[in-house]
2 protein chains.
Amino acid sequence: MDVIALNEIQAAFSPEAALKNIKDGFIAYSQQKVNVPPVGYLGFQEPPGDCHIKYGYINDSPYFVIKAATGFFKNHLVNLPTSDGLMLVMSSQTGQPLALLQDKGWLTDTRTDIAGALAAIHLAPQNIQQIGLIGCGIQARHQLQWLSYATTCKKVSVWSPSLHHCEKFADEMAEFGFQVLPTKQPEQTISESQLIVTTTPSREPIVKTEWVQPGTHITAVGADAEGKQELATSLVAAADILVVDSKDQCCDHGETAHAFQSGLLDNKTIVELGDVLNNPYVVERSSTAISICDLTGVAVQDIAIATTVYEAIKNKSS
Amino acid sequence: MDVIALNEIQAAFSPEAALKNIKDGFIAYSQQKVNVPPVGYLGFQEPPGDCHIKYGYINDSPYFVIKAATGFFKNHLVNLPTSDGLMLVMSSQTGQPLALLQDKGWLTDTRTDIAGALAAIHLAPQNIQQIGLIGCGIQARHQLQWLSYATTCKKVSVWSPSLHHCEKFADEMAEFGFQVLPTKQPEQTISESQLIVTTTPSREPIVKTEWVQPGTHITAVGADAEGKQELATSLVAAADILVVDSKDQCCDHGETAHAFQSGLLDNKTIVELGDVLNNPYVVERSSTAISICDLTGVAVQDIAIATTVYEAIKNKSS
């Protein structure tokens with residue numbers, strides 16, 4: 001069994017291979033060609049924390065994957081990052097453990113970025129004058145960099161509750177060639193951007209329906225657990241195109257859940273990302289359409305990215 | 001994060017510490033002072049196999065444990081053992097992975113042996129003239145060695161469907177000071193032994209009620225999944241003392257399940273092993289009592305043995 005440290009994972013990582021394999025993973029997921037049981041969960045009281053255990057396989061793959069991801073919210077008191085995690089790649093032919101990827105959560109962040117990039121590639125309007133970001137944390141940084149696979153636009157408007165953080169973000173992203181303008185009101189970021197990514201842990205909707213202009217695409221990645229919401233319920237209900245990574249999850253605890261559970265989506269077709277990736281003509285956007293992609297994170301992304309890294313390292317050493 | 005190989009695990013392993021900690025683990029389990037979610041399961045069709053993911057913690061422990069255990073039943077075709085497995089020890093204070101124990105299933109075998117030893121220590125009659133074994137596989141070998149913690153008796157009768165295997169077993173165990181007599185009929189082994197351990201994967205009851213003499217204790221470890229059964233249903237129903245590792249599991253898929261689901265145990269008190277270990281007077285055996293201990297395997301054993309090994313290695317290196 002190989003034990004692979006984060007720097008080795010990053011050195012072997014191929015963005016193009018990961019994009020392809022996560023795309024194929026989403027397609028397999030939506031075609032129900034995967035075995036992904038419900039997520040295991042352990043909660044901790046003092047200090048407060050949790051561990052999610054995701055596992056499964058894509059049918060006919062020689063591998064299965066088990067991921068443990070932890071979040072301990074007082075870790076900053078002991079100078080540790082909040083999140084940690086690892087992935088185990090196992091043989092679906094013999095059950096043997098093949099590799100431990102000590103990615104410390106990096107692969108989880110990255111597979112989320114890649115889902116955002118895939119959504120933007122397939123759903124964003126053709127003419128993007130400005131990218132809008134709601135939230136300026138680690139996820140926003142990575143999402144923005146991965147959007148280079150979807151658009152050449154480098155002009156960015158960013159809003160978060162802290163203008164100071166937005167200014168720091170703007171300085172940092174300038175190094176990567178982005179021209180980032182912090183705003184004092186989310187309305188300005190939303191109404192002037194054509195490709196928007198929301199990455200906050202908000203529990204109250206930030207993005208109001210009336211701010212969103214025709215011809216806008218929004219990818220929402222913040223709502224990954226019950227009680228979280230970034231977009232107004234009426235905005236989700238009114239979207240011309242509503243794509244989700246998982247119907248089951250998004251209708252349970254994603255952005256979609258609020259509109260779905262209020263009965264506002266009865267006559268709307270919710271489309272899974274895997275179906276769009278398999279056949280882009282499933283959704284055809286008019287120049288004035290408003291599209292939303294609701295990403296809650298599915299285990300098949302972990303499975304795809306872990307096997308991508310494992311195969312790259314195996315091929316390198318053979 | 002430490003990665004610990006099987007030989008290092010075995011070198012650091014203290015049987016006495018493991019006995020104590022697994023005993024304490026059973027007590028905590030029966031007092032509901034643990035957080036042990038349902039077992040995760042992945043099945044594979046071709047080649048046929050499965051993976052069980054057990055995880056959880058004992059309240060107030062600084063650790064939690066995730067175990068992956070696989071069984072691939074055609075592995076002998078590629079010269080690999082059927083079972084494999086590993087355990088992850090994680091911090092319940094920060095969520096950080098602390099150690100990967102690459103035990104290849106050895107810790108799972110051992111924690112099962114220890115449960116058998118604890119049952120024998122607390123439930124077996126005082127006067128043991130002969131130990132009886134039904135089944136002569138790897139689990140029988142280990143169970144017999146661990147019974148040294150419960151009895152000084154070295155005289156053993158063994159039956160399995162293969163007399164040849166029993167003879168080989170007798171030769172091997174002679175090296176450890178056991179005088180093992182293979183029998184051609186299970187009745188002989190059962191009727192002449194006072195402490196019996198059954199370790200077969202049988203799906204039909206082997207041990208008949210009328211063979212079991214007054215004053216006998218039987219520990220059954222074979223029935224760890226639905227459909228398995230080693231003891232006659234009427235024997236379990238008629239036992240004077242019926243102890244289980246987990247009421248939930250044993251009434252669902254242990255030896256106890258058949259009698260319980262037939263309504264034969266309505267008026268009988270089923271006692272959990274943890275309650276017996278906490279207070280041996282919970283069950284008081286007369287000289288003629290027949291007692292049964294039904295072991296299906298609970299995650300708290302994995303948690304206890306993994307933390308025992310981790311602490312031993314940590315203390316050694318500090």
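A note on names: the letters A, B, ... follow the listed sequences, proteins ahead of strands, and every chain is numbered from 1.
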Present all donor-acceptor pairs from chain A to chain B with distances below 3.5 Å, rounded to 0.1 Å.
residue: G43(A); atom: O; partner: Y57(B); partner atom: OH; Å: 2.5
residue: Y57(A); atom: OH; partner: G43(B); partner atom: O; Å: 2.5
residue: T70(A); atom: OG1; partner: G95(B); partner atom: O; Å: 3.0
residue: N75(A); atom: ND2; partner: T94(B); partner atom: O; Å: 3.0
residue: T94(A); atom: O; partner: N75(B); partner atom: ND2; Å: 3.0
residue: G95(A); atom: O; partner: T70(B); partner atom: OG1; Å: 3.0

Problem - Max heavy-atom pair count under 4.5 Å with chain A, selected residue of G43(B), P38(B), G85(B), G71(B) - result: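 Greatest number of close heavy-atom pairs with chain A: G43(B).
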Practice task
Using a 4.5 Å cut-off on heavy atoms from C-beta on, say whether the side chain of M1(B) contacts that of L86(A).
Solution key: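 L86(A) reaches M1(B) side chain to side chain.
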Handout entry: Atom of I66(B), atom of C51(A) and distance for their closest heavy-atom approach
Key =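 Where I66(B) meets C51(A) most closely, the heavy atoms are CD1-SG, 4.3 Å.
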Problem - Top contributor to chain B interface from V36(A), I53(A), L88(A) [non-hydrogen pairs under 4.5 Å] - result: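 That would be I53(A).
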